[in-house]
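Notes to accompany the following structure.
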Amino acid sequence: MGGTGMMANLARGAVRAALDAYYRHSPAAVAKLNDVVAKRGEGSWVWTSDGRKFLDFASGIGVTSTGHCHPKVVSAVQAQAATVVHAQQNVFGAHERAMELAERLHKRVVPAGLPRFFFCNSGAEAVDNAVKVARAHTGRPNVIVFEGGYHGRTIGSMSLTTSKTVYRAGFGPLMPGVFVAPYPNCLHCGVQKEWGRSGYHPAPYVPPFDSPDARRCCGSPIDSIEWMLQMQTAPSETAAILLEPVLGEGGFLTPPPGFLRTLRQLCTKHGIMLIADEVQSGAGRTGTWWGYQQFDGGDMDPDLIIFAKGIASGYPFAGLAARADAFDKLGPGTMGGTYGGNAVSCAAAVATIDVIESEGVLQNVAARGQQLMKGLVALAEKHPNVIIDVRGRGLMVGVELAGPKGIASSLTRAAAKRDVLLMTAGSRETVRFLPCLTVTESEVDTCLGVVAESLAEALGGQ
Ligand code: PMP
């Protein structure tokens, strides 16, 4: 398989030599997790130039949502590439695919209260623009973000990112006006340990936000923001609270019950915009169109959603969906970008939305997500002091290991040896699972089998 119309498979030595030659042109700053050359992709699978076939549970960091080269996305892209590719957004009023996409997003994908869209090319660019919108709309300078959040690598978005110091160390000065609040992490909360939670535990006791217990633990992140608004950034100077509904790069943490709803109340009280960075958790990844809809009955009700990654199945496309009045203070020319709303990317996004709807993809995410979780929980029950948490929603699932340091990377390397692509997340020992949203039952089973073997190898190797 995989050879149609392409070079025959290369011997491994030849691949190594070719990669070494390429790496001389590619800075080490761009980390490489696997020294293989991708040649062809189909569904959940990627073939490499040395003839290996990988089961892809990374999906290009949650991007190839409809699988590699879904035939309907391919044909939409091919048709658009032969029609018009770059109908620049300032030069023309629109192109047909942008109009189609806006209509689909509004009628079928994004909550009705967020009818204004801005299209650009990457998650980081969208995040930078979200900050511009919030600052202009509120007339306030500051932004509150959460510890462990990841929002991108531009100077602006890097300044909002605290998932690892490697993203910012040496690149300062950072953008001012950023305040970092703690993120609730029940697993590592001392009070949870007092309540007897250690090792793998299926469900932590999370007290209601207004109870005295909550003041001791999970209520405290909300308290911290209230204190922050009294001591560091006055509400009158705070434009936005920006968060990932499921904290992605920071370790696939889910918010405790009531957290998102309480944030909404706080933002409403102080006229602060609540921005959901759904770059990784959005576009169906969790089983609903948007990750925040998985929690508190969707009561987070953001003022602005940032989307990218999975929305266009791998084509560079990102954007904002905002309240009707959000852009009101921004005059012509204040936002834009040469490639924003590229016609081929818009065609891919339209096709992606159609595939997700017409092929029951959200239902598949829910079913396969449950299967994956169940399998990982069974593994955790066999190794209760090794796997300390299995968490996530839909097909955004993380497994945290107790340690030692490096064990999550050992596990992903052991899986890659067995032809399964996985990634780690965060500064603790977490392995993340991000298969394409069309993944099948047998593919999830294959992955689970490889994870069990890889865990055994990682433990043996420690
Ligand atoms: N926000 C979140 C939540 C992300 O996960 C990412 C990428 N991992 C970004 C923003 C940045 O997106 P991009 O890499 O497209 O700039």
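Given the structure is predicted, the values throughout are model-derived calculations rather than measurements. For ligands, and for the atoms within them, numbers begin at 1 and follow the listed sequence. We use all heavy atoms of the structure for the numbers below, so side chains are in, but hydrogens, waters and symmetry mates are not.
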Taking the six-membered ring where the residue is Trp, are the ring centres of Y150 and Y167 under 6.0 Å apart? yes
Just so I know, are the side chains of L274 and M300 near enough to count as touching, which here means a heavy-atom distance under 4.5 Å? yes
Is the shortest side-chain heavy-atom distance between E429 and K405 below 4.5 Å? yes
Applying a heavy-atom distance cut-off of 4.0 Å, which protein residues contact ligand 1? S122, G123, A124, Y150, H151, G152, E244, E249, D277, V279, Q280, K309
All ring-ring contact (aromatic ring centres under 6.0 Å, His included) counterparts of F433, not counting sequence neighbours: none
Face-on cation placement of K39 at W47 ring, 6.0 Å and 45° thresholds: no
Would you say the side-chain atoms of R285 pair up with the backbone N or O of L395, donor to acceptor, closer than 3.5 Å? yes
